[in-house]
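No experiment lies behind these values; they were computed from the predicted model shown.
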Amino acid sequence: MLHHVLKPARVLTSTLLSPLLTPRSSILTSRSLILTSSPLLTSCSLHSMLGGEGKPQVVFVLGPPGAGKGTQCQKIVEKYGYTHLSAGDLLRAERASGSPDGDLIESHITGGTIVPVAITVRLLARAMGNVPNGKFLIDGFPRNEDNMTGWNKELQDKVDLKFVLFYECSEEECLRRALGRNQGRSDDNVESFRKRIQTYVTSTMPIVNNFKGEGLLRSIDSSGDPDTVFSLTKKCFEKDEQ
C-alpha cells in the first residue's frame with residue numbers, strides 16, 4: 001500500500017509480489033488516444049471544444065508510478081466504454097512529435113519532475129475535444145496543486161468529475177513493475193523512478209488527500225494480479241451506478 005512509501009521502514013514480503021502488468025504499449029485500443037502537436041489552445045477554444053450539450057464525464061486515475069494504472073484503464077475501457085487519456089503518454093507523444101515543448105517535456109520526464117500545467121491541460125483538452133460529450137479516464141493527472149489549479153481554471157466547469165480512482169501499491173513492487181516493462185521509456189530506470197516516487201509523495205499525495213476530504217476518492221489495493229485488481233475496480237463503477 002502506498003502508505004508504506006511514506007514510512008522510513010519499507011518491508012516487502014513475497015506475498016505482495018504479483019505478475020508484471022501488461023506493457024502499456026501493447027494495450028492501446030481505438031479508445032486510447034495519443035495525439036500529436038497542434039497550435040496552443042486558448043481559453044476560448046477550450047470552451048468551444050468542450051462546451052457542447054452535456055458535459056464530458058471524467059474519472060481521474062491516480063497512483064504511484066508502476067501501480068498498474070494503465071492496465072486497469074484498459075480493462076475499464078473494454079468494459080465500460082471510457083476513453084483512456086494518459087497524461088504521460090500524451091506528453092511523450094508531444095515530445096516525439098517535434099513540438100517546441102519537446103525538450104522541456106523531456107527534461108521533466110527524465111528528472112522525475114512535473115511538466116508545466118499549461119502544456120498538460122492543453123493536451124488533455126485537445127484530446128477530449130476529439131471525442132465530444134464522451135467518458136474519459138484521465139490517468140496520471142492531476143499530480144500537484146499547480147495541476148489542480150490549472151485544471152480548475154480551464155476545465156472544471158466544462159466537465160463532470162465523477163470520482164477519483166486511487167491505486168495503492170508498495171514502492172518496491174512499483175519499482176519491480178516499472179523496470180520490467182521493457183518499453184524503452186527514458187524514465188524507466190532506478191534513478192528516475194526514485195525521483196518520480198519522491199515527487200509523487202511530496203506533490204501528489206496532498207492532492208489525493210484533498211480528494212479524500214471531498215468524498216471523491218475510491219482507493220484500491222493494486223498489489224495483486226491485474227484481474228484481482230480489476231475485480232476491486234469494478235466495485236467502484238458499480239457504486240457509481242447505484
Side-chain angles (χ1 to χ4, degrees), residues 1-6 21 24 31-33 50 55-77 79-91 114-115 117 120-121 123-125 127-128 131 134-170 174 196-197 199-224 226 229-242:
M1 304 292 286
L2 186 60
H3 60 265
H4 292 164
V5 177
L6 304 176
L21 298 183
R24 181 175 296 170
R31 287 187 175 272
S32 298
L33 301 182
L50 301 177
K55 293 181 179 180
Q57 297 179 16
V58 169
V59 173
F60 287 144
V61 183
L62 296 175
K69 299 184 294 297
T71 297
Q72 292 304 309
C73 284
Q74 179 59 25
K75 290 178 176 292
I76 295 167
V77 165
K79 184 169 180 62
Y80 297 106
Y82 277 73
T83 296
H84 176 206
L85 301 179
S86 165
D89 284 350
L90 288 170
L91 288 165
I114 297 174
V115 174
V117 66
T120 309
V121 168
L123 297 177
L124 289 170
M128 286 190 289
V131 188
K135 300 190 298 183
F136 299 97
L137 298 168
I138 298 185
D139 166 10
F141 184 93
R143 294 183 61 199
N144 63 3
E145 185 64 36
D146 187 48
N147 278 184
M148 195 75 256
T149 299
W151 171 272
N152 287 341
K153 178 181 177 182
E154 297 289 0
L155 296 176
Q156 182 181 35
D157 61 346
K158 301 177 180 66
V159 304
D160 176 17
L161 177 60
K162 307 297 289 183
F163 54 88
V164 179
L165 289 175
F166 176 48
Y167 290 98
E168 300 181 272
C169 190
S170 70
C174 287
R196 291 164 66 200
I197 281 288
T199 299
Y200 183 83
V201 171
T202 58
S203 299
T204 307
M205 281 306 300
I207 298 298
V208 170
N209 291 331
N210 287 343
F211 284 132
K212 182 177 182 179
E214 295 171 2
L216 290 170
L217 196 70
R218 300 186 183 175
S219 299
I220 299 168
D221 177 3
S222 65
S223 60
V229 176
F230 189 57
S231 68
L232 300 174
T233 299
K234 286 189 292 185
K235 293 179 181 179
C236 295
F237 285 87
E238 291 165 0
K239 179 180 178 181
D240 184 62
E241 293 173 352
Q242 293 176 354

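- In this structure, M128 CE and L85 CG are separated by 7.0 Å, a value rounded to the nearest 0.5 Å.
- Side-chain atoms of K239 never come within 3.5 Å of backbone atoms of R218 as a donor-acceptor pair (strictly under, hydrogens ignored).
- Here N210 pairs with E145, I207 under the side-chain contact (heavy atoms from CB on, under 4.5 Å) rule; sequence neighbours left out.
- Here NZ of K234 is found 7.0 Å from CD of E238. Values are rounded to the nearest 0.5 Å.
- In this structure E214 satisfies the side-chain contact (heavy atoms from CB on, under 4.5 Å) test together with F211, L216, sequence neighbours excluded.
- In terms of the side-chain hydrogen bond (donor to acceptor under 3.5 Å, both in side chains) criterion, residue partners of T233 (sequence neighbours excluded) are, by chain and number, Q72, Y167.
- Residues satisfying the ring-ring contact (aromatic ring centres under 6.0 Å, His included) criterion with F230, sequence neighbours excluded, are absent altogether.
- Contacts of T204 classified as side-chain contact (heavy atoms from CB on, under 4.5 Å), with partners at least two apart in sequence or in another chain: R143, Y200, V208.
- Interatomic distance, I114 CD1 to S203 OG, rounded to the nearest 0.5 Å: 4.5 Å.
- In this structure a side-chain-to-backbone donor-acceptor pair under 3.5 Å is missing from K235 to S231.
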Requested in this report: Give the C-alpha distance, both sets of side-chain angles, the deciding distance and a yes or no for side-chain contact (heavy atoms from CB on, under 4.5 Å) between L124 and I138.
Outcome: CA-CA 8 Å; L124 289 170; I138 298 185; 3.9 Å; yes
Query raised in the report: Should I220 and F166 be marked as a side-chain contact (heavy atoms from CB on, under 4.5 Å) after you check the CA-CA gap, both sets of side-chain angles, and the distance that decides it?
Result: CA-CA 6 Å; I220 299 168; F166 176 48; over 6 Å; no
Requested in this report: I would like to know whether F60 and F136 meet ring-ring contact (aromatic ring centres under 6.0 Å, His included); could you show each step before the answer?
Outcome: CA-CA 8 Å; F60 287 144; F136 299 97; over 10 Å; no
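- No donor-acceptor pair under 3.5 Å is formed between the side chain of K135 and the backbone N or O of V58.
- Remark: N152 pairs with M148, Q156 by the side-chain contact (heavy atoms from CB on, under 4.5 Å) rule, at least two apart or across chains.
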